[in-house]
Amino acid sequence: MLKRLQQVNKGLLAGVAILIGFFLLGLFAPWIAPHDPLIVNLAARLQSPSWTYPFGTDQLGRCILSRIIYGVRISVTSALVIMFLTLLISIPIALFTGYVRGRSDHMVMRIIDSALAIPDIVLTIAIVGLLGPGLVNMVIAIVVVRWASYVRFIRSLVVKISQEEYILSARMAGNSHFRILKRYVLPQIGMPVLVFSALDMGKIVLNIAGLSFLGLGSQPPTPEWGAMLNDATGYFQISPYVMLFPGLAIVLFVLACQLVSESLGKYEQIAVGKEA
Amino acid sequence: MGKFVFEHLFQLVLVIFCVATLTFLLIRFSPGDPATIMLKANGVPASDEAISALRGELGLTNSIGSQYLEWLQQIFTGQWGESFVSGKPVISELFMRLPATLELAFAGLGVMFAVTLVLGISTAVYEQGAVDKIGRVLALLGSAIPTFWLGFLCIYIFSVHLGWLPSMGRSNWKNLILPATTLGLGLGTVYARVLRAHMLDMLQQPFVKASRARGISTNRILVFQVLKHALLPIVTMAGTSFAFMLGGSIMVETIFSWPGLGQYVIESIKMRDYPVIQGYVVFAAILFVGIHLLIDLIYLILDPRLRAR
């Protein structure tokens, strides 16, 4: 047991450390980045890594390292905004449908089943396509597609908690439904939702990068990892570094999210096991 | 049986209804007037007379309610309009590109199953060994590496560096190898872990104990007896993974210039070809619900227990 806890700690620590590293990079980008991410220097285009340009330069002579560092800002901020909006929409719906049940619950679940019948990438791309490419529209599209799976997950938690006896006794003690939801249901779903969101954070970053890669997300010259890979399409055969490093940045970020989620999930299992 | 089919058909209608409503709302709320956009897409200068004429023709002057009803009617009767770019009916354009996408999706599914089987069995046989550890790392990477980046790596290594395989187009079977690998590899490594877990779980079953009592080696039991049982959940996932393949094919088709549905829709988005984008979502929705119906029917045939219900 102790050994397992230590293992859990190691994964969690590594994941959190990498994520904090990314956050700091984004936060202090102007001080850390060796160059301006937007300055074009055609004399130094498609260079291999050197002391001046640690990750090399892209097709316009822009410093790839600086662009990746600034790219953290776009990816992390939009991912956090998406996460926040999705939770803002899905938690109330899930609380309501999961607690009240009945016909409205049935209807919402039917709609969610329909939404989940189509792979999210197809729906996201169609929505961005209809709204027009761009960062804001991409955020809207991802939220519109993501809420369904969140509601389904949170609702299942709420349904389970609502059947607990302490909810019944809280009701008998004269608490209003709203108060029960706020005091006894909402705090209970916090941890599982955190684990779910941590894993989803990685998926959202992948989603953002994917859409930007297709030219549907952030537009040039904004430094964004997926958009950098899109730029790289025509040049990576000459200079592989234009695609190597942005891709590695995405992989590292997503891996860190997975580690955190996996370790938190184990933690939760252990905590639950102890209670039982 | 009848109830089963009815339920699925109801689901299909509901999905199409939801998608149709969503696209209708999006078009309404998106900035820009459809008539203006259509004229611009055709390269006609958007004068006021031309816009108002086209607005009347498209029915944009009617009330929102009647427009919505008309829209629903068109969707359900298969009149999805013509592409702004080619002027051909959207439905025939989509059907023309379906075979390429299906080919890619099936090939991706094949790669996925091959990876799942090889990696899953070998990690289960050598549990806790080096192979197992590699399998764990691969599964982690497999779900973290974006498909489009994997595609780039494949092209760089196998087309540019080694020159073994072509990186674009669809002319012979060699063209299929890299896209299918890109599509199926990641999910394969993830499912390999699932297969391994199921196989190791199965080792606790009484029939394994019985076989072992008869003196059959653990590895033999794993491969010849346990695998059959452990495969069931994997086959169950085939439906979901097929949907995943079709979704993932959008990226892969774009990277490898594979002339399928995904590449077509991305091009259409860049050209602001709205009827095609709308048609594509509805088409995809029907495709996915149809696949789920088909898979459930296959279960019904394979599993007598389900039929009794």
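By convention in this document, chain letters (A, B, ...) are assigned in the order of the sequence lines, proteins followed by strands, and residues within each chain are numbered from 1. On a predicted model such as this, the values are computed, not experimentally measured, just so you know.
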Salt bridge check, [Y] against [X]: does any charged N sit closer than 4.0 Å to a carboxylate O?
X      : Y      : value
A/K203 : A/D120 : no
B/D132 : B/R193 : yes
B/R196 : B/D201 : no

Chain A interface, residue from [options] that has the most non-hydrogen pairs under 4.5 Å:
options                      : result
B/F288, B/Y280, B/F17        : B/F288
B/V265, B/I269, B/I155       : B/I269
B/I291, B/L140, B/I145       : B/L140
B/L12, B/I266, B/T23, B/T254 : B/I266

* Ignoring hydrogens and angles, state whether a donor on the side chain of B/Q263 or B/S257 is under 3.5 Å from an acceptor on the partner side chain. =>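 Side-chain D/A pair, B/Q263 to B/S257: absent.
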* **Between B/T21 and B/Y68: side-chain donor-acceptor atoms closer than 3.5 Å** =>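 A donor-acceptor contact under 3.5 Å links the two side chains.
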Checking [X] against chain A: side chain, backbone, both or neither under 4.5 Å from a heavy atom?
X      : answer
B/S143 : both
B/A284 : side chain
B/F10  : side chain
B/I255 : side chain

* To do: For chain B, find which of A/L123, A/L252, A/L244 contributes the most heavy-atom pairs closer than 4.5 angstrom.
  =>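 Looking at each of A/L123, A/L252, A/L244 in turn, A/L244 comes out on top.
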* Considering only heavy atoms and a distance below 4.5 Å, find which of A/V144, A/I127, A/I140, A/L259 pairs most often with chain B. =>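 The residue among A/V144, A/I127, A/I140, A/L259 with the greatest pair count is A/I127.
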* To do: May I ask you to test the B/F256-B/L178 pair for a side-chain heavy-atom distance under 4.5 Å?
  =>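 B/F256 reaches B/L178 side chain to side chain.
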* **Minimum-distance pair of heavy atoms, taken over all atoms of B/L138 and B/T189** =>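 Closest heavy-atom pair between B/L138 and B/T189: O-OG1, 3.6 Å.
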